[in-house]
Protein chains: 2
Amino acid sequence: MDTRHMRYFMALAETLHFGRAAERMNMSQPPFSRQIAMIEHTLGVKLFERNSRNVALTPAGKHFMKDCRNVLGQFEEACRDVRLVASGMKGELRFGFMMHAAHSVVPQLVQLYAEARSDVRLVLDERTPTEIDEMLVAGTLDAAVTFDCGYAPHLQTVLLARERLRIIMRKDHPLATAGQIGPEELRVEKIIAAPAATAPALRSAINSYFLARGIVPHVVLEPRLQHTIIQLVAKGLGVALIPASLCTELGAGLMSRALTDAPQLDVVLRAPVTTKNPAVSTFMEIGKSIQRTLL
Amino acid sequence: MDTRHMRYFMALAETLHFGRAAERMNMSQPPFSRQIAMIEHTLGVKLFERNSRNVALTPAGKHFMKDCRNVLGQFEEACRDVRLVASGMKGELRFGFMMHAAHSVVPQLVQLYAEARSDVRLVLDERTPTEIDEMLVAGTLDAAVTFDCGYAPHLQTVLLARERLRIIMRKDHPLATAGQIGPEELRVEKIIAAPAATAPALRSAINSYFLARGIVPHVVLEPRLQHTIIQLVAKGLGVALIPASLCTELGAGLMSRALTDAPQLDVVLRAPVTTKNPAVSTFMEIGKSIQRTLL
DNA sequence: CACGATTAATGCTTTCAGGGTATCAGATGG
DNA sequence: CCATCTGATACCCTGAAAGCATTAATCGTG
């Protein structure tokens, strides 16, 4: 038995006429009759009640008709869908992003892509930048938004936004009312920053900001998650340098201020150049289309 | 494309090894490789990423795998089910019955059959005896419980029960406290009875009961439905002769009494001898097994 | 680095499933 | 009773697909 046999069966079940059913199958009546006989023989079931004058479905045939319609429909759909998946119109896209971008480009990117490719299931995965890099290499992620960390030959990159860092502190902190804030003013402050192992680009930008003035920043705590950093600042354990886009929704007791010659970080959309997922290309295209204020 | 190709694809998708997949399909590797290439060509989609050392699924292939598993499962199930339907283990059985049997044999018959053949959907259809006869002939019903109305060459018959008629009346009716009740006592009563066109066997039994004593029953109303007859008796418009099994659940104001030499009616299970529905035979068997008190 | 082992692809041959044509056989209506 | 319609049978033939032998590519190993 095969779907071809099901199609033969359906042709006869719908026409109840061997000649016309054979014609619909683009073949002559004799081999068609044999195929029907063969189907009945291999199934061991009489599907049609027939004499040289009339053809009628048996109850088993009536039931089989429903099942066949179902199976043939699913079969066609599977063959259609696999082409859609191959063309990137359907399927799945595993998308990683870092917390630092969750409030800026990610929502727009996700929404625009969902509108363009509603049949592609976006699997969102919030990770630290280092995890993202590893997962992109391992192929666990199809694409990701992260900080540009320079050289990456096996990755294609689209620049999405360029963000300045701002400093956040409690509203009752002395710096809250100070004048301009730069490395000198922060020399004695307790700094909270993600470790280099977790967010290399971010941490290196912070370090360079100080070291360029010959200052070694006084980093007292190194939590891995951005969320934790903000919590610790709120508890008064220090101040932190975070991307501007994260400063819009700080808690009540916190505030942010600009830095003199603030460090800049590039937020990029990345995907392995060798990606086999055809859904990635339009994802990258949409990334290009939403490049933000490159202040 | 055909299910055979899907099976080839699944074999390779699961083993990721041409040689072993071919072996699983009971064929040698070269034609198997060609079949895979053919599948990819006709679909126009690369399903496997392969070199002479490794075989891996593309994203499209991964997706197709799920769909194929689904389609193949449904396909097998359809082929299995059609055999079940042909053997009467599954399918549908359109079962007609008259109101007069709804309280006696029908519930037991239905329950026992549902236990024996849970995969056969019983379509219950309450009808008048005449409608039942017509539908059995027309093939709209597969089997039915009705009164035995004698000769019916194209129907097979199983006697289920033999029921006496009883008379029902309002509790405030004079007959309620009378002695024995027979045709003589009913000579002047207003009788309510189903018309011969609706329930020939029942009406003929009632008529004969009187005519054997030379009495013409005074039938004042002839509703088609048993339910209506009981309602009218309850309103005091007359008395009625109904099967004993229907007398157990009369309304509050009604009562029933035995008749002298009460007429008897055979309740039978019937099906066309030419029935094509294989589910009928065990239905009839169960009918035989529950033959009731043939008092 | 060369060689053997592994594995997928290719070339050629063969076979049989399944299609075509001609014809038969049973049923029906005039 | 014959013409006609329709499904079944007989027989032939083609091509899809299987087998065998071989090639080509890749990797591990001495």
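In the text below, chain A, chain B and the rest are named by the order of the sequence lines, each starting its count at 1.
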- [ ] Report the residue (B/Pro31 or A/Val55) whose heavy-atom-nearest nucleotide on DNA chain D is the more 5′ of the two.
- [x]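 Nearer the 5' end of the strand: A/Val55.
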
Looking across every strand, which nucleic acid part, if any, lies under 4.0 Å from [X] by heavy atom: base, sugar-phosphate, or nothing?
X: A/Asp2; value: nothing
X: B/Tyr8; value: sugar-phosphate
X: B/Gln35; value: sugar-phosphate

- [ ] Grab the two heavy atoms, one from B/Ala56 and one from B/Leu16, that are nearest each other, plus how far apart they are.
- [x]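 Residues B/Ala56 and B/Leu16, closest heavy atoms: CA-CD2, 4.2 Å.
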
Open item on the list: Quiz question: by atom type and distance under 3.5 Å, do the side chains of B/Gln29 and B/Ser33 form a donor-acceptor pair?
Closed with: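 There is such a pair (donor and acceptor under 3.5 Å, judged by atom type) between the side chains of B/Gln29 and B/Ser33.
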
TODO: Answer with yes or no whether the side chains of A/Thr128 and A/Glu131 bring together a donor and an acceptor at under 3.5 Å.
DONE: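 Note: A/Glu131 and A/Thr128 side chains meet the donor-acceptor criterion.
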
Open item on the list: Can you tell me if B/Arg4 touches the phosphate of C/dA17, counting only side-chain N or O atoms and a distance under 4.0 Å to OP1 or OP2?
Closed with: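 Answer no for this pair, as no side-chain N or O of B/Arg4 is under 4.0 Å from OP1 or OP2.
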
Task: Any A/Arg50 side-chain nitrogen or oxygen under 4.0 Å from OP1 or OP2 of C/dG26 - done: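 Looking at the OP1 and OP2 atoms of C/dG26, neither is under 4.0 Å from any side-chain N or O of A/Arg50.
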
Open item on the list: Return whichever of A/Ser52 or B/Gly19 has its heavy-atom-nearest nucleotide of DNA chain C closer to the 5' end.
Closed with: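 In this pair, the answer is B/Gly19.
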
Residue [X], side-chain heavy atoms: nucleotide from [options] that is nearest:
X: A/Arg34; options: D/dA8, C/dA9, D/dC11; value: D/dC11
X: B/Pro30; options: C/dG19, D/dA18, D/dA21; value: D/dA21
X: A/Arg53; options: C/dA9, C/dG26, C/dG20; value: C/dG26
X: B/Ser33; options: C/dA8, D/dA18, C/dT21; value: C/dA8
X: A/Arg20; options: D/dA18, D/dT6, D/dG7; value: D/dT6

Open item on the list: Taking salt bridge (Lys or Arg N to Asp or Glu O under 4.0 Å) as the criterion, tell me which of A/Arg20, A/Arg7, A/Lys62, A/Arg69 meets it with A/Glu14.
Closed with: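 Output: one option passes, namely A/Arg69.
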
